[in-house]
Amino acid sequence: MTTQVDARSSKLPAPASGVNWKRRLKLSSGRIEGIVGVVVLVWLVAVPFLVNGFGTSILTQMLAFAMLTSSLHILMGWTGIVSLGQAAYFGVAGYAVGLTALHVTTDILVLLTVGMVAGGVAAASTGWLIVRRGGPYLLMLTLAFGELLSAAANSWTSLTGGYNGLAAIPAFTLGSYSFDRPAENYWLVLVVFVGVYVLLAILARSPFAKTLNGIRDNESKMRALGYSTRLFKYAVFCLSGAVAGIAGMAWVSQTRFISPADLNMHASSLVLLAVAVGGMRRQWGPCIGAVLIVAAQQLLPASMEGKGPLMLGVLLIVVVYLVPGGAASVPGRIAHFFGQPR
């Protein structure tokens, strides 16, 4: 009888002998991201009151470029497709929006639709040929189509302005209200950015995205299960082009200018670099990469003028060796330090 009581009592947990700070400090990466996300959003809304017009304009460019990097993240992170022509759809939409604003209307709702449709149609017209190939052939096809579109913009002077680009694009409007000041235009682009970010976050949890993840991990197995992998890759390619088109609209709303340089391989390589720096483990990773790339291009002191490419190269080397997963892996590393799985 005594033995039974002792056995039962032995199963009771021992009283805590002290405070386990490591356990109390456990934080999941999702909780860290949620807290930081709220703080960043509040700061983004208030930032025009904290910086001058130039700083607000740079932040607007960062938001637009972040949407462009998000469009590439859909391809790379969800599906495993690497593209060297993503800026082409961004530029095509920018030209479409600029021409519409110059000759038809400056209404933001119309221009948003024009940018999204132009980017999506440009991606649809080239994507079916691209997704039929894989590996280096796919990469070279994206590069080839991007350079073709850039060359077309450079040579079609009567429509695009040629090498000089399309300038003097008027400010966008909503009814009788004009977004002609930096702060107003910034808030406009911020609203568009948040809308795109939320929609992609919802879509990332959908069966469509899960199927794309399966194609990324093992395309032959997904094909054996009966999935039309080419159709899914084509669909995500068109979606990526539409998001790039929205980014092109946002970029033009701030710069009031678009040129063939915004379509070429150099621009696409910067997008690819931003995704690599930011990382693909989280949706916000490429956005951080976009911020760093634009900051390196626009905010370097005058004494370092002309050394932007060198600094970008150093940044990429540092990320590859010190933070292989990019900025998106940092919360996971912190959570792992406090005892949570990444």
Side-chain angles (χ1 to χ4, degrees), residues 28-34 36-37 66-83 85-86 89 116 119-120 123-124 126-135 137-139 141-142 192-247 271-272 274-290 324-333 335-336 340-342:
S28 67
S29 60
R31 189 176 302 173
I32 295 174
E33 292 175 19
V36 174
M67 282 188 277
L68 179 56
T69 58
S70 296
S71 72
L72 183 59
H73 177 248
I74 296 172
L75 292 178
M76 293 180 62
W78 295 6
T79 324
I81 297 176
V82 182
S83 173
Q86 198 66 13
Y89 311 124
M116 180 173 61
T126 60
W128 185 245
L129 292 176
I130 291 174
V131 300
R132 294 174 69 87
R133 297 296 178 185
Y137 299 104
L138 185 150
L139 188 65
L141 280 173
T142 60
V192 175
F193 170 78
V194 172
V196 169
Y197 190 92
V198 171
L199 287 175
L200 291 181
I202 295 173
L203 189 59
R205 293 166 173 79
S206 68
F208 173 69
K210 300 301 181 185
T211 303
L212 294 174
N213 296 160
I215 294 172
R216 175 198 62 197
D217 297 335
N218 195 330
E219 183 174 356
S220 59
K221 183 177 180 179
M222 295 296 291
R223 195 181 299 115
L225 291 173
Y227 289 93
S228 177
T229 58
R230 285 180 181 174
L231 185 60
F232 274 95
K233 289 195 292 185
Y234 181 63
V236 75
F237 205 90
C238 295
L239 173 64
S240 175
V243 175
I246 296 174
V271 182
L272 188 60
V275 174
V277 170
M280 294 183 290
R281 297 184 61 178
R282 296 290 188 273
Q283 183 181 343
W284 52 264
C287 300
I288 298 297
S329 67
V330 173
R333 292 171 181 269
H336 181 70
Q340 288 282 357
R342 295 187 183 183

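Interatomic distance, L68 CG to I246 CD1, rounded to the nearest 0.5 Å: 11.5 Å. The line from CD1 of I215 to CE of M222 is 5.5 Å long, rounded to the nearest 0.5 Å. Here the straight-line distance linking atom CG of L272 with atom CG of L75 works out to 11.0 Å at 0.5 Å rounding.
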Side-chain donor-acceptor pairs of residues 194-202 under 3.5 Å, sequence neighbours excluded:
none

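A donor-acceptor pair is defined here as one N or O able to donate and one able to accept, closer than 3.5 Å; no such pair exists between the side chain of H73 and the backbone of V275. Looking at T142, its side chain does come within 3.5 Å of a backbone N or O of L139 through a donor-acceptor pair.
In this structure T126 satisfies the side chain to side chain donor-acceptor pair (under 3.5 Å) test together with Y89, sequence neighbours excluded.
Residues I74 and I81 are not in side-chain contact: their nearest non-hydrogen atoms beyond the backbone lie 4.5 Å or more apart. Residues M67 and V192 form a side-chain contact, since some pair of their non-hydrogen atoms from C-beta on lies under 4.5 Å apart. Residues S83 and L72 form a side-chain contact, since some pair of their non-hydrogen atoms from C-beta on lies under 4.5 Å apart.
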Going through the checks in order, is the side-chain hydrogen bond (donor to acceptor under 3.5 Å, both in side chains) test met by Q86 and S240? CA-CA 8 Å; Q86 198 66 13; S240 175; 2.6 Å; yes
Mind running side-chain contact (heavy atoms from CB on, under 4.5 Å) on F208 and V236 for me, showing each step along the way? CA-CA 9 Å; F208 173 69; V236 75; 4.2 Å; yes
Determine, step by step, whether N218 and S220 satisfy the side-chain hydrogen bond (donor to acceptor under 3.5 Å, both in side chains) criterion, reporting the C-alpha distance in whole Å, the side-chain angles of both residues, the deciding distance to 0.1 Å, and the verdict. CA-CA 6 Å; N218 195 330; S220 59; 2.9 Å; yes
Run the side-chain contact (heavy atoms from CB on, under 4.5 Å) test on W78 and L203 for me, step by step, so that the C-alpha distance in whole Å, both residues' side-chain angles and the decisive distance to 0.1 Å come before the verdict. CA-CA 11 Å; W78 295 6; L203 189 59; 4.0 Å; yes
Could you check R132 against L138 for side-chain contact (heavy atoms from CB on, under 4.5 Å), going step by step and ending with a plain yes or no? CA-CA 8 Å; R132 294 174 69 87; L138 185 150; over 6 Å; no
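Atom OH of Y227 sits in a sparse spot, with 12 or fewer heavy atoms from other residues, nucleotides or ligands closer than 6.0 Å.
When every heavy atom of A66 is checked against every heavy atom of F193, the shortest pair comes out as CB-CE1, 3.8 Å. A pairwise comparison of heavy atoms in C287 and T69 identifies N-OG1, 4.1 Å as the closest pair.
Within the structure, salt bridge (charged side-chain N to carboxylate O under 4.0 Å, His left out) pairs that include any residue of residues 232-247 comprise E219-K233 (at least two apart or interchain).
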